[in-house]
Amino acid sequence: METVSENRCFGGTQGVYKHASTACNCEMTFAVFLPAEAAHGPVPVLWFLSGLTCTHENAMTKAGAQAWAAEQGIALVFPDTSPRGDGVANDEAYDLGQGAGFYLNATQEPWKPHFQMWDYIATEMPGILAANFPIDMDSQSITGHSMGGHGALTLAMSLPGRFRSVSAFAPICHPTGSDWGRKQFTAYLGSDEELWKPHDASLLMREHGFAGPMLIDTGTDDQFGDLLGTEQMAGAIAARRQYAHIRLQKGYDHSYFFISTFMEDHVTFHAEALYQ
């Protein structure tokens with residue numbers, strides 16, 4: 001692992017690192033914020049999975065999460081959203097290829113050799129964090145935005161016991177129910193729709209649910225509202241009687257202005273679960 005940068009931040013350290021990924025078969029970059037408490041021992045961790053077109057840097061610089069994480073004594077992890085590099089397949093569309101990994105393991109060419117983001121987030125990165133940072137891997141929570149909200153919800157429900165709480169900002173909740181979502185799943189996973197179901201949060205909610213608390217915020221003026229499937233997720237939560245809060249925030253859109261406005265709420269929400 002190579003240190004790209006480390007900066008003093010709210011009494012702690014904001015670092016950026018890169019490494020050769022086994023899962024993605026390329027060099028990957030990620031960021032970690034460590035609060036002051038990490039100097040004295042392992043601290044709980046909150047993962048933030050970013051959305052389409054983003055890298056590790058967007059949430060690190062725009063979400064305003066470090067101030068609230070420092071207040072709660074929580075580490076933050078900002079992975080990249082996809083594999084990258086000259087030898088990695090790409091597409092001209094913003095919603096496919098580099099920057100659009102969708103937190104799944106691709107089975108189709110040309111994506112299969114590198115687009116193994118599920119394994120990267122679920123298996124490889126936890127090992128890197130445990131080996132290199134003072135993080136308590138028994139105290140994890142996860143959040144994300146848009147495509148990253150999709151990833152946070154699907155990972156949390158598919159890995160029981162891994163995360164103590166899950167939240168999301170404007171998550172893609174029902175990709176199998178839209179032509180847009182079906183486009184990505186066909187490209188990455190092929191035409192067998194049974195292989196899509198483990199990556200649809202609304203379907204996972206009906207099938208499995210989540211053992212811990214859940215918080216979802218979506219703006220009423222979100223420009224991608226018709227593609228998110230918030231109503232389907234709400235129906236699945238109600239049908240399962242899942243302990244969850246879904247909040248429709250009046251006048252807010254899909255931007256980082258929306259995320260930064262409610263970031264304190266989300267960090268506090270996770271802190272309550274992480275310190276139980």
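Basis for what follows: all heavy atoms, side chains included, without hydrogens, waters or symmetry-related copies. Numbering starts at 1 and runs along the sequence shown.
In plain terms, the two heavy atoms of Lys183 and Asp95 that are nearest each other are NZ-OD1, 2.9 Å. Here the shortest heavy-atom pairing between Pro35 and Gly73 reads CG-C, 3.6 Å. Between Gly99 and Met147, the closest heavy-atom pair is O-CE, 3.9 Å.
No hydrogens or angles considered: a donor-acceptor pair under 3.5 Å links the side chains of Arg164 and Ser139. Neither side chain, Thr29 nor His56, offers a donor N or O lying under 3.5 Å from an acceptor on the other. Judged purely by distance below 3.5 Å, without hydrogens or angles, the side chains of His145 and Ser50 never pair a donor atom with an acceptor atom.
Grouping the Ile, Leu, Val, Met, Phe, Trp and Tyr side chains by contacts below 4.5 angstrom, directly or via other members, places Leu46 with Phe262. Transitive grouping of hydrophobic side chains (ILVMFWY, heavy atoms separated by less than 4.5 Å) keeps Leu248 and Leu228 in distinct clusters. Hydrophobic clustering, with ILVMFWY side chains joined whenever heavy atoms are under 4.5 angstrom apart, groups Ile216 together with Phe224. Under the 4.5 Å side-chain heavy-atom criterion for grouping Ile, Leu, Val, Met, Phe, Trp and Tyr, Trp196 is connected to Met157 within one hydrophobic cluster. The hydrophobic cluster containing Ile142 also contains Leu153, counting ILVMFWY residues as joined when their side-chain heavy atoms lie under 4.5 angstrom apart, directly or transitively.
By the 30° and 60° cut-offs, the orientation of the rings of Tyr188 relative to Phe102 is tilted. Taking the six-membered ring where the residue is Trp, His266 and Phe169 present parallel rings, their angle staying beneath 30° rather than reaching 60°. Classification of the His150-Phe185 ring pair by plane angle, with boundaries at 30° and 60°, yields tilted. Between Phe30 and Phe133, the ring-plane angle classifies as perpendicular under the 30° and 60° cut-offs.
Electrostatic pairing of Asp221 and Lys250 does not count as a salt bridge here, judged by no charged N lying under 4.0 Å from a carboxylate O. Ion pair Glu27/Arg84 not flagged as a salt bridge, since none of the NZ, NE, NH1 or NH2 atoms sits closer than 4.0 Å to an Asp/Glu carboxylate oxygen.
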Handout entry: Verdict with supporting geometry, Gln14 and Glu6, side chain to side chain donor-acceptor pair (under 3.5 Å)
Key = CA-CA 6 Å; Gln14 176 62 65; Glu6 287 184 334; over 6 Å; no

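Inter-residue side-chain proximity for His174 and Asp200 is flagged as met; some heavy-atom pair is nearer than 4.5 Å. Side-chain contact between Leu129 and Val77 is present, with at least one heavy-atom pair separated by less than 4.5 Å.
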